[in-house]
Amino acid sequence: MQAKLRIRRYNPENDKKSWWGEYTLQNVLRTDSVLDLLHRVKWEQDGTLALRRSCAHGVCGSDAMRINGANALACKTLVSRLGVKNDTVKIQVEPILGMKVEKDLIVDMEPFFDHYRSVMPFFINEQPAPADGRERLQSPEDRERFDDTTKCILCAACTSSCPSFWADGRYVGPAAIVQAHRFVFDSRDEGAAERLEVLSDTFGVWKCRTIFNCTNACPRDIKVTEAIADVKMAITGGKV
Ligand code: SF4
Ligand code: F3S
Ligand code: FES
């Protein structure tokens, strides 16, 4: 079968604005991923195509992009899921939205990581570790409380699909809230109050309008909107 790809291209050195590059590939398999096809475009047709990727197995989070209008990881999106008709699959690929495009499919992730850093995404506990050298203990129930949000790979598919973030990039965004959730609900951590203070400010959780794009976009199936609701409840003192 064949694939017809439309890829949004932009090279700041030559282009005043972005344009669509069109590429046809033959001998495509239904089990090929979009990343496989982008590699073929780059290696067989146009070596200047710029994209980020690393693991090719849905783990590193570097290849989130807009594929046929929805955010996804290119390495986890198979041709068979994109509607094959008459032995042809049509695929449109664009950079994720709401972030400055550096080149082709590569966006500037620094503002995203600034938001991430703002919630203190690390374990905070000033108490000395147990003297016998053992880890800080936690019950299975307490561990379960934040299990879902440990799965985040910081791909930004959620934040870059959120209309509230598109409207104002100062919104901390769902990915940072997911990261905060992972520590706020960890019974061993002592930094919850500080994190909740950051998230209760103007550009914190209240910018979320419960639109759910983030949950639909998450390649790790994290219940992102639910995690945000947990954090909102924790701020207002409601039962979580
Ligand atoms: Fe990616 Fe999901 Fe983490 Fe958002 S919550 S950054 S979509 S893994
Ligand atoms: Fe945005 Fe998700 Fe809230 S899409 S508005 S962060 S539920
Ligand atoms: Fe690592 Fe896709 S290349 S998640």
Side-chain angles (χ1 to χ4, degrees), residues 8 51-54 58-67 69-74 76 94-102 105-124 146-186 189 191-236 240:
R8 196 180 274 282
L51 67 149
R52 281 198 184 101
R53 79 285 192 204
S54 180
V59 177
C60 74
S62 59
D63 63 340
M65 47 191 82
R66 243 168 117 76
I67 300 171
N71 280 6
L73 297 178
K76 278 191 77 181
E94 302 163 81
I96 48 177
L97 298 178
M99 301 184 197
K100 183 174 166 284
V101 177
E102 303 269 23
L105 301 171
I106 295 179
V107 299
D108 178 8
M109 294 287 283
E110 261 325 294
F112 173 81
F113 285 113
D114 285 343
H115 287 317
Y116 166 63
R117 286 185 282 266
S118 76
V119 301
M120 293 165 277
F122 42 80
F123 185 67
I124 297 174
F146 60 94
D147 186 65
D148 198 35
T149 45
T150 63
K151 296 186 293 186
C152 177
I153 55 173
L154 287 170
C155 68
C158 54
T159 298
S160 62
S161 69
C162 171
S164 293
F165 180 75
W166 298 339
D168 192 335
R170 290 174 294 178
Y171 169 36
V172 69
I177 301 171
V178 161
Q179 289 291 327
H181 182 285
R182 182 257 169 268
F183 293 100
V184 164
F185 294 98
D186 185 333
D189 185 271
E194 234 179 312
R195 292 191 191 89
L196 294 177
E197 197 179 322
V198 172
L199 290 170
S200 59
D201 114 327
T202 322
F203 301 106
V205 288
W206 307 114
K207 281 274 175 205
C208 168
R209 302 287 191 261
T210 325
I211 295 169
F212 273 92
N213 283 11
C214 52
T215 300
N216 295 335
C218 180
R220 305 286 292 176
D221 295 328
I222 296 169
K223 297 182 192 77
V224 180
T225 312
E226 202 174 301
I228 297 170
D230 285 350
V231 174
K232 286 176 176 172
M233 288 292 268
I235 289 172
T236 55
V240 183

Can you measure from [atom1] ([X]) to [atom2] ([Y]) and round to the nearest 0.5 angstrom?
| X | Y | atom1 | atom2 | result |
| --- | --- | --- | --- | --- |
| I124 | D186 | CD1 | CG | 11.0 Å |
| D147 | F185 | CG | CZ | 14.5 Å |
| I235 | M233 | CD1 | CE | 11.5 Å |
| D63 | I96 | CG | CD1 | 10.5 Å |
| W166 | L97 | CH2 | CG | 5.5 Å |

Exercise for the section: Show your reasoning for whether side-chain contact (heavy atoms from CB on, under 4.5 Å) applies to D108 and E102. Expected result: CA-CA 6 Å; D108 178 8; E102 303 269 23; 3.4 Å; yes

4.5 Å side-chain heavy-atom contact, [X] and [Y]:
| X | Y | value |
| --- | --- | --- |
| F212 | T225 | yes |
| L73 | I153 | yes |
| L105 | M65 | yes |
| R53 | L51 | yes |
| M109 | F112 | yes |
| I211 | C162 | no |
| Y171 | I177 | yes |

Shortest non-hydrogen contact from [X] to [Y]?
| X | Y | result |
| --- | --- | --- |
| V172 | G204 | CG1-CA, 3.9 Å |
| S118 | H115 | OG-O, 2.6 Å |
| I67 | A74 | CD1-CA, 3.8 Å |
| R8 | P95 | CB-CD, 4.1 Å |
| M120 | F183 | O-CD1, 4.4 Å |

Any donor and acceptor pair, going by atom type alone, linking the side chain of [X] with main-chain N or O of [Y] inside 3.5 Å?
| X | Y | answer |
| --- | --- | --- |
| T159 | A156 | no |
| R220 | K151 | yes |
| H181 | V231 | no |
| S164 | K207 | yes |
| K232 | C208 | yes |

Handout entry: Under-4.0 Å salt bridge between D189 and R195
Key = yes

Handout entry: Check ion pair E110-K100 (N to O, under 4.0 angstrom)
Key =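 No salt bridge links E110 with K100.
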
Exercise for the section: Could you walk me through whether W206 and D201 pass side-chain contact (heavy atoms from CB on, under 4.5 Å), step by step? Expected result: CA-CA 8 Å; W206 307 114; D201 114 327; over 6 Å; no

Completion exercise
Paired with C158, the side chain to side chain contact (heavy atoms under 4.5 Å, CB included) test is passed by just one of C152, P219, P174, namely P174

Problem - Step-by-step side-chain contact (heavy atoms from CB on, under 4.5 Å) determination, C214 to F165 - result: CA-CA 11 Å; C214 52; F165 180 75; over 6 Å; no

Practice task
Could you tell me whether the side chains of S160 and N71 share a donor-acceptor contact shorter than 3.5 Å?
Solution key: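 Indeed, the side chains of S160 and N71 share at least one donor-acceptor pair under 3.5 Å.
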
Practice task
Under the side-chain contact (heavy atoms from CB on, under 4.5 Å) rule, what do E226 and D148 come out as? Steps first, then yes or no, please.
Solution key: CA-CA 10 Å; E226 202 174 301; D148 198 35; over 6 Å; no

